[in-house]
Amino acid sequence: MMNDEEFKELVMICIDKLKDETIFELTKNDEQYQRTTEEEGKADRAYLDLYLEPEQREVCDHFIECRDKQWDEYSTFAYIAGLRDACRAKRLFFPKKKEGDEA
């Protein structure tokens with residue numbers, strides 16, 4: 001039997017898959033997003049070309065890794081928030097009909 005933590009992990013995997021597919025569809029043809037992605041790539045290459053002492057590179061890489069992980073977690077929470085808000089909006093705009101109401 002699945003415990004609560006395993007269930008939560010499974011739900012998060014499913015949400016991440018849905019989120020990734022949806023975001024890909026929204027961003028693949030968005031010109032502004034593509035320009036931003038290109039700029040990020042240029043900045044990444046410039047960063048990698050910098051001469052940094054190993055300790056400096058390690059600190060910078062750790063900072064970037066932490067920021068990327070935080071952004072990934074935030075985007076998942078934002079996606080979940082959007083789903084929750086959509087459900088709340090549906091209930092607000094389309095309340096359940098009471099028994100006996102005409103269709």
Side-chain angles (χ1 to χ4, degrees):
M1 183 167 193
M2 190 179 301
N3 67 34
D4 288 345
E5 196 59 37
E6 291 170 328
F7 179 74
K8 180 182 175 185
E9 186 175 330
L10 182 62
V11 168
M12 293 304 284
I13 289 169
C14 292
I15 286 174
D16 275 342
K17 182 170 176 28
L18 288 171
K19 175 188 71 161
D20 291 346
E21 290 173 2
T22 302
I23 289 174
F24 176 76
E25 284 299 313
L26 292 171
T27 59
K28 71 179 180 181
N29 295 318
D30 185 88
E31 290 180 25
Q32 178 61 44
Y33 182 81
Q34 295 305 319
R35 281 193 298 272
T36 301
T37 299
E38 189 175 306
E39 286 299 312
E40 189 271 339
K42 289 177 185 176
D44 185 54
R45 287 187 295 281
Y47 166 70
L48 292 174
D49 289 342
L50 286 176
Y51 174 77
L52 296 174
E53 295 293 329
E55 185 178 309
Q56 293 171 317
R57 175 84 54 196
E58 187 177 320
V59 168
C60 291
D61 288 347
H62 181 67
F63 166 71
I64 293 168
E65 182 182 316
C66 289
R67 187 187 58 199
D68 289 350
K69 183 177 181 192
Q70 181 187 30
W71 173 246
D72 187 48
E73 291 171 357
Y74 182 87
S75 70
T76 298
F77 283 120
Y79 186 82
I80 293 168
L83 291 172
R84 289 175 66 183
D85 287 347
C87 291
R88 290 173 54 206
K90 181 182 177 212
R91 286 193 306 266
L92 186 70
F93 295 121
F94 305 103
K96 290 183 181 180
K97 294 185 181 201
K98 294 179 184 165
E99 223 175 288
D101 286 351
E102 288 186 29

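Since this is a predicted model, take the numbers as computed values, not measurements. Values reported hereafter were calculated over all heavy atoms of this structure, with side chains retained and with hydrogens, waters and symmetry mates removed.
For K42, the salt bridge (Lys or Arg N to Asp or Glu O under 4.0 Å) partners two or more places apart in sequence, or in a different chain, are E38, E39. For the side-chain contact (heavy atoms from CB on, under 4.5 Å) test, residues two or more places apart in sequence or in another chain that qualify with I64 are Y47, R67, D68. Not counting sequence neighbours, the partners of V11 by the side-chain contact (heavy atoms from CB on, under 4.5 Å) test are F7, I15. Not a single salt bridge (Lys or Arg N to Asp or Glu O under 4.0 Å) links D30 to another residue, sequence neighbours left out. Residues meeting the salt bridge (Lys or Arg N to Asp or Glu O under 4.0 Å) test with E65, sequence neighbours left out: none. Every residue two or more places apart in sequence or in another chain was checked for a side-chain hydrogen bond (donor to acceptor under 3.5 Å, both in side chains) with E40, and none qualifies. The salt bridge (Lys or Arg N to Asp or Glu O under 4.0 Å) check on E6 picks up nothing, with sequence neighbours excluded. Every residue two or more places apart in sequence or in another chain that forms a side-chain contact (heavy atoms from CB on, under 4.5 Å) with T27 is listed here: I23, Y33. Checked against side-chain hydrogen bond (donor to acceptor under 3.5 Å, both in side chains), K90 has no partners two or more places apart in sequence or in another chain.
Of all heavy-atom pairs between Q34 and K28, the closest is NE2-O, 3.4 Å.
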- Message: Using the rule given for side chain to side chain contact (heavy atoms under 4.5 Å, CB included), can you reason through E9 versus M12, listing the C-alpha separation, both sets of side-chain angles and the distance that settles it, and then say yes or no?
- Response: CA-CA 5 Å; E9 186 175 330; M12 293 304 284; 5.7 Å; no
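Other residues, nucleotides and ligands place no more than 12 heavy atoms under 6.0 Å from the CG atom of D4.
Grouping Ile, Leu, Val, Met, Phe, Trp and Tyr residues whose side-chain heavy atoms lie under 4.5 Å apart, directly or via other members, places W71 in a hydrophobic cluster with Y74.
Interatomic distance, K17 NZ to T22 OG1, rounded to the nearest 0.5 Å: 10.0 Å. Remark: D20 CG to S75 OG distance equals 8.0 Å, nearest 0.5 Å.
Screening residues 49-62 for salt bridge (charged side-chain N to carboxylate O under 4.0 Å, His left out), with sequence neighbours left out, gives no hits.
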N/O donor-acceptor pairs under 3.5 Å from side chains in residues 76-84, not counting sequence neighbours:
residue	atom	partner	partner atom	Å
T76	OG1	D16	OD1	2.9
T76	OG1	K19	NZ	2.9
T76	OG1	D72	O	3.2

